[in-house]
Amino acid sequence: MMGKCSISPSKEVQLFQNLTGIRQLAETRRFKAWFLDQFGVLHDGKQPYPGAISTLERLASNGAKMVIISNSSRRASVTMEKMKSLGFDPSLFLGAITSGELTHQYLQRRNDAWFAALGRSCIHMTWSDQGAISLEGLGLQVVENVEEAEFILAHGTEALGLSSGTARPMKLEDLEEVLEQCAAKNIPMVVANPDFVTVEARALRVMPGTLAAKYEQLGGEVKWMGKPDYALDIFDELRVLDAIPVDTSMDPSIQLPPRRGEFLALGKC
């Protein structure tokens, strides 16, 4: 699902098409590359939507190249393992690009000026019952005392990471109190999933974008790591014209620039 995006709206071309599914496009061979969201499009977090697997198999048999593109705060390899556990054949996809993977790479490489300026000690907001996200290989020091923190890293909305590598479950309002302390110190935040909510089975789950929006309201600086921006970067780099990003219904102010294909908004396959 979509969260916040910094792309400016365009009124020159109508680029959005609302569909009830993508089956009618599976046989057209109109698009060579498919950038597919996972939650709310292919599955509900617990099981595939009816027809999702067979539709992808049909697309693959017609020569379509498919990539999972997700705002998940988890790394790409974990996303592919999740897809496999739900019954999807990983060989159908060229790979996965997630907000969590890009966040990890930016923090690891630090060849971007903004990330290069970050310190090494952070307040880590993560998951508890879904499993805390590992920071291995990033050279970061997780701290619990805001006075010792140089930035906030938001992977989840259920727990506060501890220096031991474990996580202490916390309510959303308690995490927001931590944000108030961080805002008073004026340290930046990196949000590894810009979604405000996501679908899980038939329920909506609060996502890190909610914390990021709260932090901005408090006057804090937020670096939003999300798929709308990096999807366009991919299009620009690869000069992909016959491509189609497929996502759930989203903020109508987010649009793709002219000649970048269409954006389908749908609920399931």
*Asks:* To the nearest 0.5 angstrom, please state how far the CG atom of D44 sits from the OH atom of Y49.
*Replies:* 5.0 Å
*Asks:* Report yes if some heavy atom in the side chain of L211 is under 4.5 Å from a heavy atom in the side chain of V191; otherwise report no.
*Replies:* no
*Asks:* Where is the tightest heavy-atom contact between S99 and P194, given as atom of each residue plus distance?
*Replies:* OG-CD, 4.0 Å
*Asks:* Which heavy atom in P188 sits nearest to a heavy atom in L118, and how many Å separate them?
*Replies:* CG-CD2, 3.7 Å
*Asks:* To the nearest 0.5 Å, what is the distance between CD1 on I69 and CD on Q38?
*Replies:* 11.0 Å
*Asks:* Name all residues meeting the side-chain hydrogen bond (donor to acceptor under 3.5 Å, both in side chains) criterion together with D89; count only those two or more places apart in sequence or in a different chain, and write none if there are none.
*Replies:* S91
*Asks:* Can you sort out the partners of L138 under side chain to side chain contact (heavy atoms under 4.5 Å, CB included), two or more places apart, ordered by chain and number?
*Replies:* H104, L107, Q108, L135, L140
*Asks:* Keeping the roles fixed (side chain from N62, backbone from A64), state whether a donor-acceptor pair exists under 3.5 Å.
*Replies:* no
*Asks:* Under 3.5 Å, side-chain donor or acceptor atoms of residues 79-87 against the rest of the protein: list the pairs with distances, not counting sequence neighbours.
*Replies:*
residue: T79; atom: OG1; partner: R75; partner atom: O; Å: 3.4
residue: K82; atom: NZ; partner: G45; partner atom: O; Å: 2.9
residue: S85; atom: OG; partner: K82; partner atom: O; Å: 2.6

*Asks:* Using side-chain hydrogen bond (donor to acceptor under 3.5 Å, both in side chains), reason through S121 and Q141 one step at a time and then give a plain yes or no.
*Replies:* CA-CA 5 Å; S121 61; Q141 178 185 4; 5.5 Å; no
*Asks:* I'd like to check the side-chain hydrogen bond (donor to acceptor under 3.5 Å, both in side chains) partners of S134; sequence neighbours left out, ordered by chain and number.
*Replies:* none
*Asks:* Return the minimal non-hydrogen interatomic distance between G161 and V142, and the atom names on each side.
*Replies:* O-CG1, 3.4 Å
*Asks:* To the closest 0.5 Å, what do you measure between CG (D37) and CG (L42)?
*Replies:* 7.5 Å
*Asks:* Please give me the minimum heavy-atom distance between A213 and W224, naming the atom from each residue.
*Replies:* N-CH2, 3.9 Å
*Asks:* Is L175 linked to L162 within one hydrophobic cluster, defined over Ile, Leu, Val, Met, Phe, Trp and Tyr using a side-chain heavy-atom separation of less than 4.5 Å?
*Replies:* no
*Asks:* Check the hydrophobic clustering (I, L, V, M, F, W, Y; side-chain heavy atoms under 4.5 Å; chains of links allowed) and say if L36 and V78 are grouped together.
*Replies:* no
*Asks:* Is there side-chain contact between K223 and F115, with heavy atoms separated by less than 4.5 Å?
*Replies:* yes
*Asks:* What side-chain donor-acceptor pairs closer than 3.5 Å can you find for residues 177-185, not counting sequence neighbours?
*Replies:*
residue: K185; atom: NZ; partner: V146; partner atom: O; Å: 3.3
residue: K185; atom: NZ; partner: E147; partner atom: O; Å: 2.8
residue: K185; atom: NZ; partner: A149; partner atom: O; Å: 2.6

*Asks:* Can you tell me which residue pairs pass the ring-ring contact (aromatic ring centres under 6.0 Å, His included) test with a partner in residues 137-191, sequence neighbours excluded?
*Replies:* H124-H155
*Asks:* Between S72 and T98 (side chain of the first, backbone of the second, donor and acceptor by atom type, cut-off under 3.5 Å), is there such a pair?
*Replies:* no
*Asks:* Which heavy-atom pair separates C122 from L153 by the least distance, and what is that distance?
*Replies:* SG-CB, 4.4 Å
*Asks:* Within the 4.5 Å heavy-atom criterion, are L160 and M125 side-chain neighbours or not?
*Replies:* yes
*Asks:* Please find the pair of heavy atoms, one from W127 and one from S73, that lie closest to each other, and give the distance.
*Replies:* NE1-OG, 3.4 Å
*Asks:* Atom CZ of F35 and atom CD1 of I97: how far apart are they, to the nearest 0.5 Å?
*Replies:* 6.0 Å
*Asks:* I need the L218 CG to N186 CG distance, nearest 0.5 Å.
*Replies:* 11.5 Å
*Asks:* Please name all residues satisfying side-chain hydrogen bond (donor to acceptor under 3.5 Å, both in side chains) with E176, sequence neighbours left out, ordered by chain then number.
*Replies:* none
*Asks:* Is there a path from I152 to F196 through hydrophobic residues (I, L, V, M, F, W, Y) whose side chains come within less than 4.5 Å of each other?
*Replies:* yes
*Asks:* Under the side-chain hydrogen bond (donor to acceptor under 3.5 Å, both in side chains) rule, collect the residues that match up with E221, sequence neighbours excluded.
*Replies:* W114
*Asks:* Looking at CD1 of I133 and OG1 of T126, how far apart are the two atoms once the value is rounded to the nearest 0.5 Å?
*Replies:* 5.0 Å
*Asks:* Can you tell me which residue pairs pass the side-chain hydrogen bond (donor to acceptor under 3.5 Å, both in side chains) test with a partner in residues 164-173, sequence neighbours excluded?
*Replies:* E144-R168, S164-T166
*Asks:* So F39 and M207, do their side chains get closer than 4.5 Å, heavy atoms only?
*Replies:* no
